[in-house]
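Input: a single structure, listed below in structure tokens.
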Amino acid sequence: MLTLRLPDGAIREVPEGALPRDLVASIGPRLLRDAIAVKVDGEVQDLNTPLRKGGDFKVLTEKDPESLAVLRHSGAHILATAVRRLRPNAKIGFGPAIEDGFYYDFEVDQPFTPEDLEKFEAEMRKVIAEKHPFVREEVSQAEARKRFSDDPLKLERLSEFSDDEIISTYTDGPFIDLCKGPHVPDTSYLKNFKLLHTAGAYWRGDEHRQMLQRIYATAFWKKEDLEEHLHRLEEAKRRDHRTLAQQLDLYSTDPRVGPGLILWHPKGAIIRNEIEEYERALILRHGYDLVYTPHIVSEKLFQISGHLENYRESMFGPIDVEGAAYRPKPMNCPGHICIYQSHQRSYRDLPLRYAEFGSVYRYERSGVLHGMMRVRGFTQDDAHIFCTLEQVPSEIDRLLDLCDEMLKTFGYPYTIELATRPDKAIGDAERWKQAEDTLAEALKKRGQAFTYDEGGGVFYGPKLDFKLIDAIGRKWQGPTVQLDFNLPERFGLEYTGADNTPHRPTMLHRVLVGSMERFVGGLIEHYAGAFPLWLAPEQVRVIPIADDVKDFAKSVVERLRSRGARAHIDDRSETLNYRIRDGELQKIPYMAVVGKREAESDSIALRVRGAGKKQEVIKVSDFIARVEDELATRALKP
RNA sequence: GCUGACGUAGCUCAAUUGGCAGAGCAGCUGAUUUGUAAUCAGCAGGUUGGGAGUUCGAUUCUCCCCGUCAGCUCCA
């Protein structure tokens, strides 16, 4: 007998092998109707899988988040069912639920076209209407091989099962799949879904193996949720930094320059420069020293650092200089280390914090390049902190302050992950544990919530990853702080301690924005191109209604400029409506319309971006004060 | 790098089965002097991404290269 504990504390005893369906029915017929699956001892299983263990027992309905993954996984089977009907020769790969939906991989002679997707979707609706039950069977290896004799990909997976593993198959009408489940009771449960796109995907994610055709799709319980999801995809498209950057004239690329290399236009450069100036002031306040290091350096340096050994394939090739090999730098750390080593260092010098907006070049495979987000040349706001082991906690504490201040300025909420020892790691386990604990301690001490990213650390040390959450809820890579055991060893870094003997300093790598290119790209999407005043390339556009107030308009521009605002006049001989529209499309934060009335009272009719016709007439002096205040505080909103 | 799709004026897009490459916006010139999201007219703008091939004839068909996009893989 199995003992099951229901959420209300009630205890049920059922014989081993009993079906959850029957137990749910005995709790209530209404509950059975709503039941999608059950959770036993923390594990989700479907209603028709025999119970094998006792423990906490919970019936999952549409309300439980776990049930959505079950629905989506079943959606993948239904997709495969439809594909198999229309393309009987398609070999099936895997079809799991993923974060926002599900996919299924097929091996086919002819790749899928968008028209195919429409047909598959129509066929899926038929399968759904036919209301095939998902039937689970547990079978022997031999029986399974028979059932999947025409599916080489499944046979490959079957060969990996150990003898004591349960092999289960699921059928829904005409389709059978090797699958451990769980599934919804029948195909009619899938109501709100959409096939999204196709793409190639390597079999088992291995680029040396054949490429399968993947169909991505999504599904939700409620129609509104599906629509909201599709709307979110639209919204992401609307905010695409590549489109917005073109409209706003922020950057471009040029095949003559080379793919993945960004040309910052004047307006984009203003944004970047504002960020750099802000950050420079910020880090000077936080005790950093600014340094500069060369863009190409002798390859020998990267032999010492180990970059050549570990990242050779993503470094640009050597440049021959009088017989010596030089490389564009992929990292700034070796240069900073050389500065450290330019003197003998005392414990009194530490911590030393070297910061640089360092441009680095990394070879990225052509297929991964993406706007400003993934490029071959970018500028890191890089810094390296050299300190004693004892100073690490206080340095981490400082860094957390720094990151928090910066992320608030840009209006990003964030979460923190502590990435621990990866499989491929140097240094002993003891040291890793100690370093991880140091980081965790520093976080806990200030009551900072964080999660662990097990095995996510870099080979030379654990790290803290800040994940930014943007305006439409997407996560982005934010600041990172890494502890490094490797480079101080490799370069033989030393400082003289109070005991007059040499000691090895500890090194922290940290970036705040990371790649300036990626960060600005992210900001474009976060703000949907409508930058807060301090970042806006053009902050105020002054629009004289007619030529007779042009001089007054010019004086308004001059007064704004003299207080540090980026103001321009739009005195083109276009209609007022035309110029207003242009200003809105360019997402200018403030438009100051001036006519006779304003000129006579030294005021402006202020139009705030996005506020439409709502406008107020204010004195020029008041407006300047308002702008100055907003700039000084780097206000996110007017 | 791989799979698939795409590449026509600065931008967004047209162009029957292979038959003189077009529009809107932007630009320039002129007129218009405007009270809160597109004033009117004229002009100019192209080796149809590059190269080769098939053809009487290629934006259209074939091949190679370059680039872009969706993914896969990768990301110190």
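Quick note on labels: first sequence line is chain A, next is B, and so on, each numbered from 1.
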(request) Take A/E584 and A/Y311, find for each the nucleotide of RNA chain B with the closest heavy atom, and name the residue whose nucleotide sits nearer the 5' end. (result) A/E584
(request) Can you run through RNA chain B from 5' to 3' and write each base as (, ), [, ], | or . depending on how it pairs? Watson-Crick or G-U wobble, both distances under 3.5 Å. (result) (((((((..((((.....[..)))).(((((.......))))).....(((((..]....))))))))))))....
(message) Just checking A/Q110: does its CD atom have more than 12 heavy atoms from other residues, nucleotides or ligands closer to it than 6.0 angstrom?
(response) no
(message) Counting only side-chain nitrogens and oxygens, does A/R242 get under 4.0 Å of the OP1 or OP2 atom of B/A70?
(response) yes
(request) Can you tell me, in whole Å, how much space there is between the P of B/U3 and that of B/G46? (result) 37 Å
(request) Measure from CD1 on A/I580 to P on B/A38 and round the result to the nearest Å. (result) 10 Å
(request) Let me know the distance between CD of A/Q210 and P of B/C72, rounded to the nearest Å. (result) 17 Å
(request) Could you check whether A/S314 gets within reach of a base, just the sugar-phosphate, or nothing at all, counting any heavy atom under 4.0 Å? (result) base
(request) Report the distance from atom OH of A/Y460 to atom P of B/A76, rounded to the nearest whole Å. (result) 8 Å
(message) What's the gap between B/C65 and B/G71 when it is taken at their P atoms, as a whole Å value?
(response) 25 Å
(request) Counting heavy atoms from C-beta on, name the nucleotide in B/G1, B/A37, B/C75 closest to the side chain of A/R362. (result) B/C75
(request) Determine the Euclidean distance between corresponding P atoms of B/A5 and B/C61; express it in Å to zero decimal places. (result) 13 Å
(message) I'd like to know if the side chain of A/R239 reaches the main chain of A/E525, judged simply by a donor and an acceptor atom lying under 3.5 Å from each other, with no hydrogens or angles considered.
(response) yes
(message) Does B/U34 have its OP1 or OP2 closer than 4.0 Å to a side-chain nitrogen or oxygen of A/T575?
(response) no
(message) Applying the side-chain contact (heavy atoms from CB on, under 4.5 Å) criterion to A/F302, which one of A/R312, A/E309, A/R327 satisfies it?
(response) A/R327
(message) Is it the case that the base of B/U32 and the side chain of A/S573 share a donor-acceptor contact (distance under 3.5 Å, atom types as modelled)?
(response) yes
(request) Respond yes when some side-chain nitrogen or oxygen of A/T198 is under 4.0 Å from OP1 or OP2 of B/G4, and no when none is. (result) no
(message) Strictly distance-based, threshold 3.5 Å: is any side-chain N or O of A/R607 a donor or acceptor partner for the main-chain N or O of A/Y590?
(response) no
(message) Below the 4.0 Å mark, does B/A37 have OP1 or OP2 next to a side-chain nitrogen or oxygen of A/N577?
(response) yes
(request) Round to a whole Å and report the spacing from CD of A/E364 to P of B/C2. (result) 17 Å
(message) Rounding to an integer number of Å, can you tell me how far A/Y578 OH sits from B/U36 P?
(response) 18 Å
(request) Indicate, yes or no, whether a donor-acceptor pair under 3.5 Å links the base of B/U73 to the side chain of A/R365. (result) yes
(request) Report yes or no: does A/R518 contribute a side-chain atom to a donor-acceptor pair with the main-chain N or O of A/M373 at less than 3.5 Å? (result) yes
(message) Strictly below 4.0 Å: does A/Y202 bring a side-chain N or O up to OP1 or OP2 of B/G71?
(response) no
(message) Looking at A/R572 and A/D582, is any side-chain nitrogen of the basic one under 4.0 Å from a carboxylate oxygen of the acidic one?
(response) yes
(request) Assess whether one donor atom and one acceptor atom, taken from the side chain of A/R579 and the base of B/A38, lie less than 3.5 Å apart. (result) no
(request) With P as the reference atom in both, quote the distance from B/G4 to B/G10 in angstrom, rounded to an integer. (result) 31 Å
(request) Name the nucleic acid region contacted by A/E313, choosing base, sugar-phosphate or nothing; use a 4.0 angstrom heavy-atom cut-off, strictly under. (result) nothing
(message) Quick check for you: among B/U33, B/G1, B/C2, whose closest atom lies nearest to any side-chain atom of A/M211?
(response) B/C2
(request) For B/G49 and B/C13, measure between their P atoms and round to the nearest Å. (result) 15 Å
(request) Indicate yes or no: does A/R431 engage A/E489 in a salt bridge with an N to O separation below 4.0 Å. (result) yes
(message) Please confirm whether the shortest side-chain N or O distance from A/Q246 to OP1 or OP2 of B/G10 is below 4.0 Å.
(response) no
(request) Determine the Euclidean distance between corresponding P atoms of B/G42 and B/C56; express it in Å to zero decimal places. (result) 43 Å
(request) Taking the side chain as every heavy atom from C-beta outward, state whether A/P96 and A/Y103 have any atom pair closer than 4.5 Å. (result) yes
(request) Would you state whether a donor and an acceptor, one from the side chain of A/E598 and one from the base of B/G35, lie under 3.5 Å apart? (result) yes
(request) In whole angstrom, give me the gap between the C1' atoms of B/A44 and B/A26. (result) 13 Å
(request) Salt-bridge test for A/E454 and A/R421: reply yes if a basic N is under 4.0 Å from a carboxylate O, no otherwise. (result) no
(request) With P as the reference atom in both, quote the distance from B/G18 to B/U12 in angstrom, rounded to an integer. (result) 28 Å
(message) Looking at A/Y103 and B/G71, is any side-chain donor or acceptor paired with a base atom of the opposite kind under 3.5 Å?
(response) no
(request) Report the nucleotide, chosen from B/G1, B/U36, B/G71, that has the shortest atom-to-atom distance to any side-chain atom of A/Y216. (result) B/G71
(message) By nearest atom, which of the nucleotides B/G1, B/C72, B/A76 is closest to the A/P330 side chain?
(response) B/A76
(message) Need to verify one output field. Residue with the more 5' nearest nucleotide on RNA chain B, A/P111 or A/Y361?
(response) A/P111
(message) Using only atom types and a distance under 3.5 Å, with no angle test, would you say the side chain of A/S601 pairs donor to acceptor with the backbone of A/R597?
(response) yes
(message) Over all strands shown, is A/G205 touching base, sugar-phosphate only, or nothing at heavy-atom distances under 4.0 angstrom?
(response) sugar-phosphate
(request) Answer yes or no: is there an ion pair linking A/R238 with A/E235, defined by an N-O contact shorter than 4.0 Å? (result) yes
(message) What is the distance, to the nearest angstrom, from the CD atom on A/E115 to the P atom on B/G4?
(response) 16 Å
(message) Measuring from the side chain of A/P255 (C-beta onward, heavy atoms only), which nucleotide among B/G67, B/G35, B/U33 has the closest atom?
(response) B/G67
(request) Check the distance between B/U73's C1' and A/R374's CZ and give it to me in whole angstrom. (result) 10 Å
(message) Looking at B/A70, I'd like to know if its phosphate oxygens (OP1 or OP2) sit under 4.0 Å from a side-chain N or O belonging to A/H370.
(response) yes
(message) Without decimals, in angstroms, what is the distance between A/Q110 CD and B/A5 C1'?
(response) 15 Å
